[in-house]
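Heads up: the structure comes next, in structure tokens.
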There are 2 protein chains.
Amino acid sequence: MARTAGSHSDITGPRVREAALRLFARHGFAAVSMRQIAGEVGVQAGALYNYTPDKQSLLFSLLKGHMDELLAAWTAEKSAGDPAARLEQFTRFHIRFNVERPEAIFISYMELRNLSPENFEVVEALRRAYENELEAILHDGVTAGQLEVPDTKIATLAVIAMLTGVNTWYRAGGRLSLAEVEQIYWDMVRRAVGG
Amino acid sequence: MARTAGSHSDITGPRVREAALRLFARHGFAAVSMRQIAGEVGVQAGALYNYTPDKQSLLFSLLKGHMDELLAAWTAEKSAGDPAARLEQFTRFHIRFNVERPEAIFISYMELRNLSPENFEVVEALRRAYENELEAILHDGVTAGQLEVPDTKIATLAVIAMLTGVNTWYRAGGRLSLAEVEQIYWDMVRRAVGG
DNA sequence: TTTAAAACTGAACATACGTTCAGTTCAATC
DNA sequence: GATTGAACTGAACGTATGTTCAGTTTTAAA
């Protein structure tokens, strides 16, 4: 029997997500209508409901998907070794990952407040899991006597805030290459945590 | 003659701004209706138009007012002296100022995209002026041989991003006092810029 | 070529939006 | 206590919103 007759949701589905991501990043979740998203995809608004039960779920799916991707990428890349090396690896990874996905990063910070409480908790838990990765490195560094941090929790948040700030100004093809940016930030991070 | 008969716009006006600030910070500019703002103030929506020509101008007024206040406060507080001392002063000032106005800070970063191009330019220029205050300190510090910064522009943005990040977690009455927070961040900033 | 599921349209739904405005209420001046 | 203008109401305006759904088109398997 025709199990997948007429189907090309595997084409439209991703296009809906891409359009929503771009528009949410540019104008904000509340300012974007389902008709605008549909217009970008070249489809009527009603067709979107083949891909999301509602607008709120679409946002949640984008944010959760981004966090899953972030954690998976870090898990795949991270290595054992001494804390200073791991800290450098984290620093470079975070910058590179963020710079490659400015829109996803943007809405992950901006649109949390538009999630329902349950959905917020899910995304927030993933964010904390990512922060814990850095905190573990800092903690190990202090234990090993390689780093000097009065409060690893605060240092974690300070470092992440500093690194994520790259996204507010970095543009590919600008004055500095990504490698230069990574190096400058790594120097600052290393010194900030007494490494 | 009755020049100011029936007037108490000096009461309602600020209340409109406070309600708008709070609601914009909590739910986002686009997600907040004029009727919600009016409801918070205890007035009908039409009455708001005695205080702003439209919703967009209300947002602009809040953002511009905040930036003016920020620059005025720093101008009043900053002193001459050696760069390291000025950097410490800036660090402590920025943390304190931000922590006292979490909502204004929040919308100043989040709602820029909802400003018209002309209004955006105005606010953006003020933000750059503030950044230039820090960059001048770093520049003087490098010139004086007190600091070691490969790129003052990037260091400026990195430091501000790090300091502004305090707002994402700091709550009055929490684990750390404001003085402790200032000290921890000042230690990190000082080391990050080689001071 | 038939068939049936998937994809999509187009119109409709109730509701909400920003903004305007004629009319009413209020409070300060005379 | 009368007057006058500011402050505000309440209803209306055109338009837009998220979502639903009966009906049509498209696609791939049979």
Side-chain angles (χ1 to χ4, degrees), chain A residues 1-24 26-63 107 111 113-116 118-119, chain B residues 1-24 26-63 107 111 113-116 118-119:
Chain A
M1 279 303 173
R3 292 292 303 144
T4 53
S7 77
H8 54 277
S9 71
D10 53 336
I11 297 174
T12 307
R15 293 191 61 206
V16 168
R17 295 172 61 84
E18 286 157 21
L21 182 68
R22 186 169 53 250
L23 289 170
F24 289 166
R26 191 124 57 200
H27 306 108
F29 174 73
V32 173
S33 71
M34 295 300 267
R35 284 170 180 81
Q36 277 177 70
I37 298 170
E40 288 269 304
V41 177
V43 104
Q44 292 296 318
L48 299 182
Y49 291 83
N50 289 318
Y51 305 100
T52 180
D54 50 43
K55 194 187 176 191
Q56 157 79 205
S57 302
L58 180 53
L59 175 64
F60 172 64
S61 170
L62 290 173
L63 294 191
I107 70 167
E111 306 296 355
R113 61 188 170 183
N114 285 307
L115 291 176
S116 68
E118 318 87 74
N119 288 345
Chain B
M1 281 300 173
R3 293 293 299 147
T4 53
S7 76
H8 51 278
S9 70
D10 52 335
I11 297 174
T12 306
R15 292 191 60 207
V16 169
R17 296 172 60 84
E18 286 157 21
L21 182 68
R22 185 169 54 249
L23 288 171
F24 289 167
R26 190 124 57 200
H27 306 108
F29 174 73
V32 173
S33 71
M34 295 298 269
R35 284 171 179 83
Q36 277 177 70
I37 299 170
E40 288 271 303
V41 177
V43 103
Q44 291 296 317
L48 299 182
Y49 291 83
N50 290 319
Y51 306 100
T52 180
D54 50 41
K55 195 188 176 191
Q56 158 80 204
S57 303
L58 180 53
L59 175 63
F60 173 64
S61 169
L62 290 173
L63 294 191
I107 69 167
E111 305 296 354
R113 61 187 170 184
N114 284 308
L115 292 175
S116 67
E118 318 88 74
N119 287 346

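By convention in this document, chain letters (A, B, ...) are assigned in the order of the sequence lines, proteins followed by strands, and residues within each chain are numbered from 1. If you're wondering where the values come from, they're calculated on a predicted model, not measured in any experiment.
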side-chain contact (heavy atoms from CB on, under 4.5 Å) assessment of A/I37 paired with A/F24:
CA-CA 9 Å; A/I37 298 170; A/F24 289 166; 4.0 Å; yes
Would you sort out whether A/K55 and A/N114 count as a side-chain contact (heavy atoms from CB on, under 4.5 Å), showing the intermediate values?
CA-CA 11 Å; A/K55 194 187 176 191; A/N114 285 307; over 6 Å; no
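The side chain of B/Q44 approaches D/dG10 more closely than any other nucleotide in the set D/dG18, D/dG10, C/dC17. When each of C/dC8, D/dG18, D/dA7 is scored by its nearest atom to the side-chain atoms of A/M34, the top-ranked nucleotide is D/dG18. Here the nucleotide nearest the side chain of A/Q36, chosen from D/dA12, D/dT17, D/dT19, is D/dT17. Closest approach to the B/Y49 side chain among C/dT9, C/dT19, D/dT9 is made by C/dT19 (side chain taken as heavy atoms from C-beta onward).
Per the geometry, CD1 belonging to B/I11 stands 11 Å off C1' belonging to C/dA27, to the nearest Å. Atom NZ of A/K55 and atom P of D/dG18 are 4 Å apart (whole Å). In this structure, A/L48 places its CG atom 10 Å from P of C/dC8, rounding to the nearest Å. The nearest whole Å value for the distance from the CG atom in A/N50 to the C1' atom in D/dC21 is 12 Å. The distance between atom CZ of A/F24 and atom C1' of D/dG18, rounded to the nearest whole Å, is 12 Å. We find that CD1 of B/I37 is positioned 10 Å from P of C/dT19, with the value rounded to whole Å. Straight-line distance from the CZ atom of A/R15 to the P atom of C/dC8: 10 Å, rounded to whole Å.
Each of B/A45 and A/S33 was assigned the nucleotide of DNA chain D with the nearest heavy atom; the assignment lying further toward the 5' end belongs to B/A45.
Residue contacts for A/V41: at a heavy-atom cut-off of 4.0 Å it reaches no nucleic acid atom on any strand shown.
Between B/Y51 and D/dA6 there is no side-chain polar atom (N or O) within less than 4.0 angstrom of OP1 or OP2. In this model, the phosphate group of D/dA7 is not approached by any side-chain N or O of B/T12 to a distance below 4.0 Å at OP1 or OP2.
Of the listed residues (A/E18, A/R17, A/R15), just one forms a side chain to side chain contact (heavy atoms under 4.5 Å, CB included) with A/V41, and that residue is A/R15.
Contact record, B/L63 with B/L115: CD1-CD1, 3.6 Å, taken as the closest heavy-atom pair.
The backbone N or O of B/L59 lies less than 3.5 Å from no partner atom in the side chain of B/E111, so there is not a single donor-acceptor pair.
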